[in-house]
Undergrad: 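Mind having a look at this structure? Questions to follow.
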Amino acid sequence: MPVITNIEDLRVLAEKRVPRMFYDYADSGSWTEGTYRANSDDFQKIKLRQRVAVNMENRTTATKMVGQDVKMPVCIAPVGLTGMQSADGEIKAAKAAERFGIPFTLSTMSICSIEDIAANTTAPFWFQLYMMRDREAMARMIQRCKVAKCSALVLTLDLQVIGQRHKDLKNGLTAPPRPTIANIINLMTKPRWCLGMAGTKRHSFGNLVGHVKAVTNMKSLASWTNEQFDPTLSWEDVAWVKQQWGGKLILKGIMDVEDAKLAVQSGADAIVVSNHGGRQLDGAPSSIEALPAIVAAVGDRIEVWMDGGIRSGQDVLKAWALGARGTMIGRAMVYGLGAMGEEGVLKALQIIHKELDITMAFCGHTNIQNVDKSILLPGTYPTA
Ligand SMILES: Cc1cc2nc3c(=O)[nH]c(=O)nc-3n(C[C@H](O)[C@H](O)[C@H](O)COP(=O)(O)O)c2cc1C
């Protein structure tokens, strides 16, 4: 067993253990993948100011996200098909998040259902909603979240149409995988994954099958999404969701100052500056580049979070320094899960927390609440 010291170690292990089509599904962006790469590359350009001879004892990274206590300003991002990275993956990730002390967000496109997560965890979790054409099904899904006592709803706004990820088309992505020769050969090299899948009944979209019309079996994900997701989604629909839900509402996928202002007007509690991990509009700026202008425009009126490219606690600290009051992690969680299941997700969170904590100390701070742009070297970070 290799010694795991960083998120890259988990990625390498996940690549070995997860069937090719699901590893590729996670580790890819749309078209040229330029925005996908920029998300993490732009974090690397930001330099930190080291301070010394400052008392670094008794540190804390604790804060609140939409009023909820978190051990660090991080939550698990909604990731479709998480239960294909590892059997019952969403349950494992939710348990790890609960053990660590941050919220877990369940995707609409998850394998385990809302009810599965509620039955296997005690901490309230969050649910991510995609707007589908079938409004009755949407209303029922929101109702299921209330019954499951979800403590926030994350409405994703950047997937009215789906960005093309070449690898998914080439691999013929489906859940579960079709028994083609190529898939069978690949699966033979992943005994741990196959054993896990043989031990669970959860092999398809748990929130949708039997709940949304036309979802009875697993067709191509992209074509199903194209048929079902609502391309007419508007701010009136956001108001409709807010009214149906009545609880904390987080709008995900905001990249533009004008949209951020509309989000404030909608009465949402938080926005996530996000380009969907570089999976939607290729050619969009990195999320960290887009963040400062949005914080400057609306940061005093709404909680601004960000996601995209976070692979270390240093990235979390940089996002915080630039005004993000929370972050989401997608692939860092996926790699932990694919590598080592629940323990791998916990490991990913522990790695990120340790890096965040130590970096904060090196920058001369003991409480994340006191950290601001002054920890960053001028000229190396994006500005409004
Ligand atoms: C494999 C994969 C599936 C995703 N599925 C969803 C989803 O179902 N709903 C959603 O709102 N975002 C989804 N996202 C986007 C993530 O929530 C998040 O914005 C992104 O992963 C952040 O970038 P990072 O992976 O670099 O941390 C997905 C991302 C990945 C990598």
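Note that ligands are numbered from 1 as they come in the structure, with each ligand's atoms numbered from 1 the same way.
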Undergrad: Look at the aromatic rings of Phe104 and Phe125 and report parallel, tilted or perpendicular, splitting at 30° and 60°.
TA: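 Rings of Phe104 and Phe125: tilted, as their planes differ by 30° to 60°.
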Undergrad: Which protein residues have a heavy atom under 4.0 Å from ligand 1?
TA: Tyr25, Ala26, Ala77, Pro78, Val79, Gly80, Ser107, Gln128, Tyr130, Thr156, Lys252, Ser274, His276, Gly277, Arg279, Asp307, Gly308, Gly309, Arg311, Ile329, Gly330, Arg331
Undergrad: Do Asp9 and Thr5 have a side chain donor and acceptor closer than 3.5 Å?
TA: yes
Undergrad: Please work out whether the ring planes of Tyr130 and Phe229 are parallel, tilted or perpendicular, with thresholds of 30° and 60°.
TA: tilted
Undergrad: Taking only residues two or more places apart in sequence, or in another chain, which ones meet Thr383 in a side-chain hydrogen bond (donor to acceptor under 3.5 Å, both in side chains)?
TA: none
Undergrad: Looking at Glu303 and Lys248, does any basic side-chain N land under 4.0 Å from a carboxylate oxygen?
TA: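 Salt bridge: no.
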Undergrad: CZ of Arg51: more than 12 outside heavy atoms within 6.0 angstrom?
TA: no
